[in-house]
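Per chain, numbering begins at 1; letters A, B, ... match sequence-line order.
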Protein chains: 2
Amino acid sequence: MARKRVTLAQVAAEAEVAVSTASLVLSGRGTDMRISEKAQARVRDAAARLGYRPNAVSVGLRKGSTSTLAFVSDSVASSRLAGEMIKGAIEAARDRGYMVFVGETGGNVTLERQLLDAMVDRQVDGIILASMLTHGRSLPTGLDSTPAVLLNISIDGDPGIPVVVPDELQAGRDAATALVSAGLTDIHLIGAGPGLRDVRTISTAAHLRLQGILEVLSAHGLAPASGRAINQWLPPEGFRAADAILASGTPEAIVCFNDRLAMGVYQAIQSRGLSIPDDVSVVSFDDSSIAAWMRPGLTTVALPHRVMGKRAADLLVDAIEHDRAHPDEPGPTGVHLVPMPLRERDSIRARPGRD
Amino acid sequence: MARKRVTLAQVAAEAEVAVSTASLVLSGRGTDMRISEKAQARVRDAAARLGYRPNAVSVGLRKGSTSTLAFVSDSVASSRLAGEMIKGAIEAARDRGYMVFVGETGGNVTLERQLLDAMVDRQVDGIILASMLTHGRSLPTGLDSTPAVLLNISIDGDPGIPVVVPDELQAGRDAATALVSAGLTDIHLIGAGPGLRDVRTISTAAHLRLQGILEVLSAHGLAPASGRAINQWLPPEGFRAADAILASGTPEAIVCFNDRLAMGVYQAIQSRGLSIPDDVSVVSFDDSSIAAWMRPGLTTVALPHRVMGKRAADLLVDAIEHDRAHPDEPGPTGVHLVPMPLRERDSIRARPGRD
DNA sequence: AGCGCGTGCTAGTTCGTTTTAGCACCGTGA
DNA sequence: TCACGGTGCTAAAACGAACTAGCACGCGCT
């Protein structure tokens with residue numbers, strides 16, 4: 001086993017030309033360099049016959065670029081979401097001819113440093129630094145010597161490189177609009193609120209979602225009927241919060257700050273024999289896999305992780321190519337907001353008597 | 001920006017020795033090669049001062065090995081599970097000094113070929129070929145020239161390389177035992193069964209789980225009270241199947257072939273005003289994230305994806321090192337069953353009057 | 001004085017490719 | 001007859017590290 005790889009030298013020998021000739025031909029510069037059609041044909045033929053494939057490591061050494069990206073995140077698998085991001089990035093990278101190294105730091109800064117170093121040692125052409133937490137953090141050093149993109153990380157101040165984040169503000173607006181345009185006015189918030197400062201998580205998502213919601217409500221002369229700031233957005237918390245609301249009457253609508261909270265909210269509502277959406281409407285955020293499985297289907301504003309990953313990889317490759325073409329110019333930058341689409345399912349019902 | 005990387009030559013110049021001397025010292029063969037302590041100190045000092053890091057690409061070219069693994073799967077993100085596998089593999093790889101390329105084929109054979117080729121072109125030291133479907137499939141060619149491990153793939157016949165799969169047979173036994181030892185005898189199957197041939201999916205998991213269940217039941221003189229083979233294991237199917245069972249009486253216990261089915265089953269039971277586990281006990285497979293969030297917590301046999309990924313990476317590195325040490329010997333092989341632990345939560349109640 | 005030997009280091013080749021500079025040949029026009 | 005220009009190719013130098021073979025030097029011994 002382990003048939004040795006075919007090298008360019010072998011192809012050249014088989015075609016009876018010099019190595020440099022073979023290289024020229026196979027890299028498409030043959031005609032350009034006035035290699036006769038006959039010789040070119042011989043080389044191509046030999047390459048095909050021997051099943052020649054260029055050794056990417058050697059090319060990487062010679063050219064200094066490896067057609068390789070690094071994807072470093074703090075958590076690959078803690079959520080299905082991270083997987084989607086990676087998938088999006090890998091697909092986009094592949095379409096552009098790049099392979100991707102995936103690394104995971106678990107939030108450990110030392111590990112992040114080591115990983116980044118290991119990636120740079122392997123001459124990656126660019127780096128995607130991703131987080132699952134969308135919170136402000138400081139940027140590791142060394143990201144200025146290699147093209148890089150920040151994914152799902154909102155940095156304080158201008159990082160000087162492209163940043164890809166979901167448009168949480170608009171998502172908040174859309175969730176509130178879905179309720180308001182159904183004629184619902186008695187709206188309760190679970191996860192954050194009722195005021196703009198009532199946020200218990202480090203996530204900036206919470207702030208932005210809340211801001212968007214409040215913006216739309218006040219534009220319609222409304223305010224949240226209640227709100228609970230919660231730091232752990234998990235089903236039991238959702239259950240407790242909803243139960244407390246239900247104890248003092250049936251609300252028209254509940255906004256959950258994520259689908260796990262919504263799951264608990266469903267349980268609380270249904271365990272009281274009430275119906276979603278006939279008695280109370282629910283809207284949420286994330287569109288995690290459970291959202292579609294819940295009964296009735298949960299209307300939720302999706303986090304488009306796949307698209308974000310793809311976007312990041314595309315921006316990174318753009319940056320790499322820009323760098324190659326104009327090594328002195330500063331390179332692309334800016335915050336790229338990815339729209340969060342509203343997935344309308346069956347958890348919102350228009351208020352009878354209104355349209 | 002983009003400060004050039006420090007090369008060994010620069011370190012050597014700074015330490016006033018030859019490049020070869022610097023190489024020897026930094027690779028630990030200094031004393032071995034009788035380089036004076038003084039010179040060694042100068043080299044190490046210079047390396048530290050300049051922040052020297054060896055260029056992994058160059059080393060890869062020279063040594064032929066790149067400290068890099070490939071993880072190729074048919075679906076990275078279709079389930080949270082795949083992410084866990086990758087995470088396990090990446091962690092184990094990192095602990096052994098390897099970085100990992102992740103690729104995803106979407107089940108497309110052409111793409112798989114291309115990806116595998118691209119990986120081999122980059123001189124990966126080994127390949128993990130993973131699937132999310134645990135079904136028999138044919139092995140791509142070329143896996144014999146590079147160390148490889150199959151992850152979550154059961155191949156027909158001996159692939160000649162290590163294979164890592166979950167122990168579904170024992171999982172089936174454990175699920176059934178959990179019910180039987182609680183004194184439950186009226187046991188209904190949702191997903192497959194009641195007979196050994198009543199399986200509608202291409203997954204071998206279904207067969208093995210069923211086999212394990214039937215084995216334990218018959219060892220106790222029991223047989224399934226009913227069984228429905230289903231090809232799509234999703235909540236609505238679970239709901240329908242459970243509803244049909246409930247229409248003709250209240251069952252003692254239901255085995256769901258995965259957690260999504262169980263989610264539908266919960267909905268069906270609870271919408272009839274019945275209680276889990278007081279009226280009916282439920283056990284399931286997978287331990288997906290929803291299992292812990294359901295009310296009551298779902299007792300389920302976990303698919304240890306993280307452990308499987310870790311195991312695969314460890315076996316692969318073992319194979320690589322074996323290959324390096326004994327290039328002629330055949331290398332490790334065999335099927336490695338990873339135990340599926342039973343996660344006991346609150347969906348099983350012992351039958352009153354029994355122990 | 002000459003030989004052998006241990007010590008401490010280095011020159012030079014290799015890995016597989018890209019790329020630049022330029023060689024050898026031929027026909028042509030002066 | 002010779003410079004000149006075009007044609008078709010190749011030699012050789014990178015890229016950065018690893019590693020083999022072996023050089024120079026000084027010391028002790030005969």
Side-chain angles (χ1 to χ4, degrees), chain A residues 3-44 46-47 50-68 120-125 324, chain B residues 3-44 46-47 50-68 120-125 324:
Chain A
R3 226 166 59 267
K4 266 321 234 184
R5 272 185 84 86
V6 176
T7 72
L8 189 54
Q10 295 173 40
V11 173
E14 175 87 5
E16 301 186 300
V17 295
V19 185
S20 34
T21 309
S23 172
L24 255 14
V25 171
L26 295 179
S27 61
R29 310 205 307 133
T31 307
D32 199 50
M33 278 296 190
R34 302 176 323 226
I35 310 294
S36 67
E37 261 317 319
K38 223 178 278 183
Q40 296 212 37
R42 260 184 298 136
V43 170
R44 273 191 261 274
L50 300 181
Y52 170 72
R53 310 207 89 228
N55 180 329
V57 175
S58 173
V59 175
L61 179 58
R62 179 65 235 249
K63 305 227 269 196
S65 88
T66 51
S67 296
T68 286
V120 173
D121 289 349
R122 281 172 176 75
Q123 303 264 69
V124 295
D125 295 331
R324 257 204 261 297
Chain B
R3 228 167 56 268
K4 265 323 235 178
R5 273 185 82 86
V6 177
T7 74
L8 189 55
Q10 294 173 40
V11 173
E14 176 87 6
E16 302 186 301
V17 295
V19 183
S20 32
T21 309
S23 172
L24 255 14
V25 171
L26 294 178
S27 62
R29 311 203 307 135
T31 307
D32 199 52
M33 278 295 188
R34 304 175 321 226
I35 309 294
S36 68
E37 262 315 319
K38 224 178 280 183
Q40 296 210 34
R42 260 184 298 136
V43 170
R44 273 191 263 273
L50 299 181
Y52 170 73
R53 312 208 90 230
N55 180 327
V57 175
S58 172
V59 175
L61 178 59
R62 181 65 236 256
K63 305 227 270 196
S65 88
T66 51
S67 294
T68 288
V120 173
D121 288 348
R122 281 173 176 75
Q123 303 265 69
V124 297
D125 295 331
R324 256 203 261 299

Between D:dC9 atom P and A:Glu16 atom CD, what is the distance in whole Å?
13 Å
Can you sort out the partners of A:Glu14 under side chain to side chain donor-acceptor pair (under 3.5 Å), two or more places apart, ordered by chain and number?
A:Arg49
Per the under-4.0 Å heavy-atom filter, residues of residues 27-37 of chain B near DNA chain D come out as B:Arg29, B:Met33
Spacing between B:Arg122 atom CZ and C:dG16 atom C1', to the nearest angstrom:
16 Å
Report the distance from atom CG of A:Asn55 to atom C1' of C:dC15, rounded to the nearest whole Å.
9 Å
Main-chain N/O of B:Thr66 paired to B:Thr68 side chain as donor or acceptor, under 3.5 Å
yes
Regarding B:Val17, tell me which of base, sugar-phosphate or nothing describes its non-hydrogen contacts under 4.0 Å with the strands shown.
sugar-phosphate
Return no unless some side-chain N or O of B:Thr7 is found under 4.0 Å from OP1 or OP2 of D:dG16.
no
B:Leu24 has an atom CG; how far is it from atom C1' of C:dG8, in whole Å?
11 Å
When you match B:Gln123 and A:Ser20 each to their closest nucleotide on DNA chain C, which lands nearer the 5' end?
B:Gln123
Could you tell me how far apart A:Leu8 (CG) and D:dA14 (P) are, to the nearest whole angstrom?
20 Å
If you measure from CG on B:Asn55 to CG on A:Leu61, what distance do you get to the nearest 0.5 Å?
6.5 Å
Grab the NZ-C1' distance between B:Lys63 and D:dG16 for me, whole Å please.
13 Å
So, is A:Tyr52 near the phosphate of C:dG16, with a side-chain N or O under 4.0 Å from OP1 or OP2?
no
Examine D:dC9: is either OP1 or OP2 under 4.0 Å from a nitrogen or oxygen in the side chain of A:Thr21? Give yes or no.
no
Below 3.5 Å, does any donor atom in the side chain of B:Arg62 face an acceptor in the base of D:dA17, or the other way round?
no
Spacing of CZ belonging to A:Arg5 relative to CG belonging to B:Asp121, to within rounding of 0.5 Å:
4.5 Å
Does B:Asp125 use its side chain to pair, donor to acceptor, with the backbone of B:Ser67 at less than 3.5 Å?
yes
Given C:dT17, C:dG16, C:dT19, which nucleotide is nearest the side-chain atoms of B:Leu61?
C:dG16
Report the C-alpha distance between B:Gln40 and B:Thr31 in whole Å, list the side-chain angles of each, state the deciding distance to 0.1 Å, and finish with yes or no for side chain to side chain donor-acceptor pair (under 3.5 Å).
CA-CA 8 Å; B:Gln40 296 210 34; B:Thr31 307; 3.2 Å; yes
In whole angstroms, the gap separating C1' of D:dG16 from CZ of B:Arg5 amounts to 10 Å
Mark yes or no for whether B:Arg42, through its side chain, and B:Ala15, through its backbone, hold a donor-acceptor pair below 3.5 Å.
yes
